[in-house]
Amino acid sequence: MQAGKLKQILLITDGCSNQGEDPTLVASLIKEQGITVNVIGVLDHGDEDSESLQEVEEIAESGGGVSQIVYPQRLTQTVQAVTKQAMTQTLQGVVNQELRSILGDTQSIESLPPSQRGEVMEVVEELTETCDIQLLVLVDTSASMQKKIELVKEALIDLSISMNARIGDNKFSIYSFPGKKKATTQILDWSTKLDKLASVFPKLTSGGVTPTGPALKEALHHYGQAGLLRSLKRHAESEQADFGI
Amino acid sequence: MLNQSKPTLAFNLKPGTRLVGKWKRNSYVIQQVLGKGAIGAVYLAKQSDKKLVALKISDKVASISSEINVLQKLAKVRGNSPGPSLYEVDDWLAPDGICYPFYTMEYVQGSELSSFLNNRGSAWLGLLLSQLLEELDQLHQIGFIVGDLKLENVIVTNSPIRLRFIDVGGVTQIGRSVKEYTEFYDRGYWQCGDRKAEPSYDLFALAMLALQCVYPNRFKKTEDAKGLLLAKIKQAKVLSAYELVLSRAVSGRYQTAISMRQDLKKVLILQTKVEQPTATVHKGRSQNRDWLEIFMFGLSSLIFYLLTAFY
């Protein structure tokens, strides 16, 4: 079985979006394009209620991905754990689909007896190790992230150590938001390694806006998937029609 | 979904809870928690025949299945197979309606390495590490590494006294990317190599295990990460005998567990010679022997040095 290329967007943010489209909607549309959206919510100390980060779970859920809320100190381990878990989850989904087409609608990995489950998981593991992956990282660099950006950078360099130990090929690109004129700014174009990251991370913008939705939309655009933008536009038009505008 | 905020039942089983396997119908009564990790929780459980087993249960089907695969492969090794032995694999249909996969394995009883060293003396360290190296070698021979080798994943058994690894969560096929690791023990974190599964990855972690015993509060990474590790090895009195071996492991100079074990054994032999009582021996002869030892040590260091230079 061929897994082909996995496509993921990893959003790292510390707050609620407050500008532009609903990020949950954009994430759902991105998922439709076969790209998974994972979200890591970065907590501030003494900010335990995490109400502002509720959005994090919603975005990941609609994006078919994995979410986790962490303190900045745990970022490094979380970034690689979330990425790997999302890969396994996606591939497990692919395998489950195959199983259903062979064994019928009610079959999934979970419903198999443990011995057969082990064999199927070996296939999933093999695929996780050998598949190619394209990962776009979207980093919130609004003012409140200022103190955490150094840790984000470390976590991303560490991620590339983990990913490059795999057999499959990796491609990373990094964008920050909010951008100057557009929603995002390119930090790193598609490349296989992140070791040069240290020198390219930008000075932070100190704006108060967090345009998560528009940033996600642009992220998709960087994958070269114009199809989605059209469907977004259609959605907007139909919404306008609903309200008789 | 990966989420720390919603711990599932699998992580909160109370003593006295009775589990019945969905497929094999065997029952287990939970006695106490032995440990909780990222993948699942391990409990001490009593089988219906009163035998005590370690029971690992999880809500992550994927991760636990892959652990079971590893344990099954380890069981195929002839003789003393590395790691704990696997007994039974099953699912538990819990009262909350969720089906939790679990497996039972050998309950390895013993003490934590650092408390053992505190009680019985740090002179045991070299020997224990040498034993673990033997077990690592067996594992490497069949194409796997431990991966997540750390203080929490090893135990010193009582009779015989032996250091063993008890958690197979990180066991990875050689050539793949290390499945699970802990920063302090990870050579990638210390800029001493990549995260590809190869024997030298475990040997680095083993050296860090020795450091963890000496520096229970660990230490922070600096710019020159490798230099820091070498300095920390040098500074520790307890490790002075093993300085060369540990430094080499940290530098990735050992490609096999056997080669590291051979070097470690040389140190252990040297130790027993030096510690032999000399009181009954004639003074002149004893001095001669001392000189001979210094000469032999000098000679072996020279050979080491030449070999290293050669490689």
Original post:
In terms of heavy-atom proximity below 4.5 Å to chain B, should A/S162 be classed as side chain, backbone, both, or neither?
Top reply: both
Original post:
Is there a donor in the side chain of B/S177 and an acceptor in the side chain of A/R166, or the other way round, less than 3.5 Å apart?
Top reply: no
Subject >> Heavy-atom pair of closest approach, residues B/K196 and A/N164 >> reply: NZ-O, 4.3 Å
Original post:
By a 4.5 Å heavy-atom criterion (distance strictly below it), what part of A/I40 contacts chain B: side chain, backbone, both, or neither?
Top reply: neither
Original post:
What part of B/E183 gets closer than 4.5 Å to chain A, counting heavy atoms only: side chain, backbone, both or neither?
Top reply: both
**OP:** Would you give the length of the straight line joining atom OG of B/S65 to atom CD of A/E119, rounded to the nearest 0.5 angstrom?
**Re:** 11.5 Å
**OP:** Return yes when atom CZ of B/R218 has more than 12 non-hydrogen atoms of other residues, nucleotides or ligands closer than 6.0 Å, and no otherwise.
**Re:** yes
Original post:
With only heavy atoms counted, which part of A/S111 is less than 4.5 Å from chain B, the side chain, the backbone, both or neither?
Top reply: backbone
Original post:
Which heavy atom of B/A62 sits nearest a heavy atom of A/Q92, and at what distance?
Top reply: CB-OE1, 3.6 Å
Subject >> Side-chain heavy-atom pair A/D158, B/R195 within 4.5 angstrom cut-off >> reply: yes
Original post:
Say you draw a straight line from CD1 of A/I161 to CZ of B/R187; how long is it, rounded to the nearest 0.5 Å?
Top reply: 11.0 Å
Original post:
Heavy-atom distance under 4.5 Å to chain B: side chain of A/Q80, backbone, both or neither?
Top reply: side chain
**OP:** For each of B/I68, B/D91, B/V89, tally heavy-atom pairs with chain A at distances under 4.5 Å, and name the one with the top tally.
**Re:** B/D91
Original post:
If you count heavy-atom pairs under 4.5 Å with chain B, which of A/K84, A/E126, A/Q77 comes out on top?
Top reply: A/E126
Subject >> Nearest-0.5 Å distance that lies between atom CD in B/Q173 and atom CD in A/E122 >> reply: 7.5 Å
**OP:** Provide the closest heavy-atom pair for A/R117 versus B/P101 in the form atom of the first, atom of the second, distance.
**Re:** NH1-CB, 3.7 Å
**OP:** Using ring pair (Phe, Tyr, Trp, His ring centres under 6.0 Å) as the criterion, list what pairs up with B/Y100, not counting sequence neighbours.
**Re:** none
Subject >> B/K232 atom NZ: more than 12 heavy-atom contacts under 6.0 Å >> reply: yes
